[in-house]
Structure formats: structure tokens, C-alpha cells
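Keep in mind that this is a model prediction, so the values were computed, not measured. In what follows, chains are A, B, ... by sequence order, proteins preceding strands, each numbered from 1.
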Protein chains: 2
Amino acid sequence: MIKKITKPAKVVKKDLNTEEKIISAARKLFTQHGFVATKTRDIAKEAGINLALLNYYFRSKEKLFDIIMAENMINFIQSIGVVINDKNSSLEDKIYAITNNYIDLLIKQPDLPLFVLSELSRHPDKFIQKLKVNEVLSQSYLIKQYNGAVLSGKIKDVHPIHFIANILGLTVFPFVGAPMLKNISGFSNDAYIELMLERKNMIPAWMKSILIADVI
Amino acid sequence: MIKKITKPAKVVKKDLNTEEKIISAARKLFTQHGFVATKTRDIAKEAGINLALLNYYFRSKEKLFDIIMAENMINFIQSIGVVINDKNSSLEDKIYAITNNYIDLLIKQPDLPLFVLSELSRHPDKFIQKLKVNEVLSQSYLIKQYNGAVLSGKIKDVHPIHFIANILGLTVFPFVGAPMLKNISGFSNDAYIELMLERKNMIPAWMKSILIADVI
DNA sequence: TTAATTTTTAATCATTTGTTTAATTTTTTT
DNA sequence: AAAAAAATTAAACAAATGATTAAAAATTAA
């Protein structure tokens, strides 16, 4: 008699318990394909566990997803979060740190921003409130420094949300648009990563020039 | 006896034939929710037609999707496409035209970039080849102007792919990241659109300063 | 060791979903 | 007006999917 064996899709990390195996597989698949495109059976297969264990440990697909979503959101904003309230670094230092953190993070996890932004778009309310990015950022030392520099005339008077949009646009967009930009440039994946590493030094210089550019 | 009536989800555009109604509904739903999250029954309901007509006219969900995808990709790159080979405009003019085109387009269709970039990420090969963005752009007059300006020392020697990434990052990212940026800024939808309109004039100035910024 | 508890499994359920079918209605052609 | 072709419909199908169940196996407590 032939026994049907459900074997793990790839390498199931050893010395993880069942709960951790499921989280690990869910993290990978949800982040790669999003909520709707990820099937519970795919997660079970990837984790090398019985399908029923997913519900046994996490009640439902959605509850499991919420855990990964929260994880990924925090992950995504931490590149800014760890920097913004540092009293010992200049505005310029912070710009460098933010782009540097992001580029390192996104080279390791290129799917992260598209995942976070896609899922946020589908549930504008559900997740975004919890993080309180609003208060945390607007009360941050970074924004105080920015407004101070505006007042002292060191940089142009532009709403700080433009500043945030610009630094994220220059840093994160090349990863979100990677499939398109890789094709446009004809670069291989490795060459493209090299290009992203180049930007670690270029973006701070560009941001600096943006801050003093005459916009009227 | 009660007759069950399948009525259109919202307003079905008058004087459209069945085929057009389906395309119109598919365009709306696919662009809003992507391929997997959009169900054929939702399209039929939105179009106010019988479910079977979808397959009658378009064979399958995927074939219908491919039409919308092609449409949206062309739509998305046309903001650049209509500009890049104009011999009578300067590099500066082209930057302004591109950002202007994009911001107008994305205010009308905010879901467009996230849709295109998400679906491209899930099928890196399937769609991207057809457009030949690679050759069209690299052979374009815009890139010739860019390289000419580099040679004449008017702008810094930076690979043109950075230039493309930067203009798209500054212009498109604020729409892709809108749910997050709206929350951060606390702006209403209207106020946020106002912010995007502001950027029509700011981004060209910023791009100009980026082009001459010292990046070594 | 035995009993109780926890974990794992295979099978099954109820919906959902893309697609097809066969019959009916409408439109076009003769 | 009759016949042929095209469009539309309700019903159904098969596969996929999230979740549950009841039994078995493994672990822990007594």
C-alpha cells in the first residue's frame, strides 16, 4: 500500500516547534503573495505540518495573517522609528541613517514594502490606527529638527510630509518598482542590488539638495 | 412567488453593450482589488449581466484580466511615453511634463500604480516583455538629452536609471503610499490631493537640484 | 505504570469559485 | 413570416478552500 506523505515544500527549519513553523511559513508566503493569494494549504505544506494545526494554533487564517501583518508593519517603519528620536544626530545624519537602514532591510526583504502598502490599501482602517505613526512621528525630534531648520532659514519652508514622502519615494520606490525598473535598465538582479547600494550615498546628497532647492 | 433579481451593484453605464459593460466592470474591480481578490461573480454583478456572459465573451477570467492589465500598463507608462521623444522640449520641460502628467493621471486613478506594480511582481515575465519599455526608453530622445547633458557637464554623471527611479519615486510613491502618508500627516483626502498638486511644481525644482547635486 | 492532557492526523463539511451546459429569448437573415 | 444565428438565462459541475471533527498518537501528570 502506498502511503501519501505531505512533505514540506522546501526546507522546514529544524528545531522549531509547530507554532513557530507555521508562523515562519505564513510569514514567507503572506509577505510574498498577500492575504488572498496565500492558501492555508500552502502554508501547511510549506511548514510541513497538518492543515488542521493551523486552525488549532491560530484559530483562523485571518488571525494568523494579522500577526504577520503587525510584524511586517513594525518591521517596515522601524527603519525610521529607531532614528527619529535620537538627540545626538543631526538632520543630515538622520537622513543617512534612514536611507541606509531601509536599503539594507529591503535588499534582504524586497517584498516587504509592496506587501505592507498593498494590504494597507485594502484595509485602510483595520491596521493603520494601531501603530499611531501619526503622533509618534509628529512629536518626534526629527520633525522638531526639521521645523527648526526651516525657522532658521537653513532649509526651505516645505511641509514635513513632503520631506517624508521624498525620502521614502527615493528610497523605497526603487524596490516597489523593481520588476519594471530592472526591465527598463536591463540589469540583472545582482547589478540592480549594486545600484541600490550606490543609492545609500546618493540619496542623502540628493535629499540635502532638495531641502535647499528653491521651490517657488 | 418571489423572483430573484440580480441587480447591478451600482450604476451600470447606459448605452454600453454587454461586452463593454463587462470590460468596464472588470476594469474597475481588477484595478481596485487585483486579480485574485476579484471574483467573476463580482464582475457580473457590477456589470449587471449574467455570469455566463463573462465566459461567453471573454473565454476566461484570466483572458479578461489580461486585457485590463495591458490597458493599465499602457495607461501607466503613457505619462512618460508621450513625452520622451519630443525633439522640441528641453530636459527640464520633459521633467515637468512627466510629473504633471502623472499627478493628473493618479489623482483620477489612484489605484493604478499599486495595481500595475503588484501584478507585475506576481508575474515578472508574463506582461513586462510585451511593452518593450527597455528599447523604447533607452533609444529615446530623453535619454540622449540626459547623456548629452552629462557629457557637457551640465548635470552630474549618474546612470539614467537613477534619474528614472528618482522622478518616479518622487511622483508615484506618494500615491502608492497614500494610506500610510495620509495617516502620518493627518490630512483628509482632499487636503492630500492638494498636497499632490503642490508637488507638480516642486518635483521639477527638486529634480533639477538632484541633477546637479554633488554625489561623490 | 496508569490516567489525564495535549498534540497530531485523516477525513469530512459547507462555501466559494471559475466554468460549462442546455434551454430560452432576442436579433438578424432569408 | 419563417428560418438561422446570436445573445441571454438559470442551473449545475468540479475543483478549491477555510474550517471542523473524531479518532489516534504523543506527552505530561499522577
Side-chain angles (χ1 to χ4, degrees), chain A residues 1-9 12-30 32-69 119 122-123 126, chain B residues 1-9 12-30 32-69 119 122-123 126:
Chain A
M1 197 163 66
I2 295 168
K3 236 191 185 173
K4 225 195 206 165
I5 305 223
T6 307
K7 39 175 151 177
V12 177
K13 288 175 187 162
K14 277 289 175 192
D15 68 3
L16 290 186
N17 63 32
T18 303
E19 206 173 326
E20 293 166 333
K21 280 185 210 160
I22 296 172
I23 282 277
S24 180
R27 181 183 299 122
K28 176 179 167 184
L29 296 183
F30 278 139
Q32 212 163 92
H33 307 120
F35 178 77
V36 268
T38 302
K39 309 303 173 185
T40 53
R41 280 168 180 79
D42 298 336
I43 297 174
K45 188 111 190 256
E46 173 77 27
I49 54 97
N50 186 285
L51 174 62
L53 291 176
L54 192 151
N55 295 87
Y56 179 77
Y57 281 99
F58 298 95
R59 310 283 301 174
S60 71
K61 178 188 175 186
E62 194 175 357
K63 286 207 167 55
L64 176 57
F65 175 81
D66 290 350
I67 293 170
I68 304 301
M69 182 66 184
E119 297 298 337
R122 309 218 189 293
H123 311 279
K126 187 176 180 189
Chain B
M1 197 162 71
I2 295 167
K3 234 190 184 173
K4 225 191 201 166
I5 305 224
T6 306
K7 39 175 151 176
V12 176
K13 288 176 186 160
K14 278 288 176 192
D15 68 2
L16 291 185
N17 63 33
T18 303
E19 206 172 324
E20 292 166 333
K21 280 186 210 160
I22 296 173
I23 281 277
S24 180
R27 182 184 298 122
K28 176 180 168 185
L29 297 183
F30 277 139
Q32 213 162 91
H33 306 122
F35 179 77
V36 266
T38 302
K39 310 303 172 185
T40 53
R41 280 168 180 78
D42 298 336
I43 297 174
K45 188 110 190 256
E46 174 76 28
I49 53 98
N50 186 284
L51 174 61
L53 291 176
L54 192 152
N55 295 86
Y56 180 76
Y57 281 99
F58 298 95
R59 311 282 304 175
S60 72
K61 178 189 176 187
E62 194 175 356
K63 286 206 167 58
L64 175 56
F65 175 81
D66 290 350
I67 293 170
I68 304 300
M69 181 67 184
E119 297 297 337
R122 309 219 189 294
H123 311 279
K126 187 175 179 189

*Asks:* If we only count heavy atoms from C-beta on, is the A/F30 to A/L64 side-chain gap below 4.5 Å?
*Replies:* yes
*Asks:* Other residues, nucleotides and ligands only: do more than 12 of their heavy atoms fall within 6.0 Å of NZ on A/K126?
*Replies:* yes
*Asks:* Please report the distance, rounded to the nearest Å, between CG in B/L53 and P in C/dT24.
*Replies:* 18 Å
*Asks:* Figure out the CG/P separation between B/N17 and C/dT26, and round it to whole Å.
*Replies:* 18 Å
*Asks:* On the nucleotide D/dT8, are OP1 or OP2 found under 4.0 Å from the side-chain N or O atoms that B/Y56 carries?
*Replies:* no
*Asks:* So does B/E46 pair up with B/R27, basic N to acidic O under 4.0 Å?
*Replies:* no
*Asks:* Using heavy-atom distances to pick each residue's nearest nucleotide on DNA chain C, tell me which of A/L51 and A/Y57 is more 5'.
*Replies:* A/Y57
*Asks:* How many Å lie between CD1 on A/I49 and C1' on C/dT6, as a whole number?
*Replies:* 16 Å
*Asks:* NZ of B/K61 versus C1' of D/dA16: gap in Å, rounded?
*Replies:* 12 Å
*Asks:* Does a side-chain N or O from B/N50 land closer than 4.0 Å to OP1 or OP2 of D/dT8, or not?
*Replies:* no
*Asks:* Strictly below 4.0 Å: does B/T40 bring a side-chain N or O up to OP1 or OP2 of C/dT17?
*Replies:* no
*Asks:* Measure from NZ on B/K45 to P on C/dG18 and round the result to the nearest Å.
*Replies:* 15 Å
*Asks:* Identify the two heavy atoms, one from B/N50 and one from B/A44, that lie closest to each other, and give their separation to 0.1 Å.
*Replies:* C-CB, 4.4 Å
*Asks:* Which base sits across from D/dT28 as a Watson-Crick or G-U pair, both distances under 3.5 Å?
*Replies:* C/dA3
*Asks:* Would you please confirm or rule out a distance under 4.0 Å between OP1 or OP2 of D/dT8 and any side-chain N or O of B/T18?
*Replies:* yes
*Asks:* Expressed in angstrom and rounded to an integer, what is the separation of B/K63 atom NZ from C/dG18 atom P?
*Replies:* 15 Å
*Asks:* Can a side chain N or O of A/S60 be found less than 4.0 Å away from OP1 or OP2 on D/dG18?
*Replies:* no
*Asks:* What's the CG-P distance between B/L64 and C/dT19, to the nearest Å?
*Replies:* 10 Å
*Asks:* I'd like to check B/F65 versus B/E119 (side-chain heavy atoms, cut-off strictly below 4.5 Å). Are they in contact?
*Replies:* yes
*Asks:* Rounding to an integer number of Å, can you tell me how far A/N55 CG sits from D/dT20 C1'?
*Replies:* 8 Å
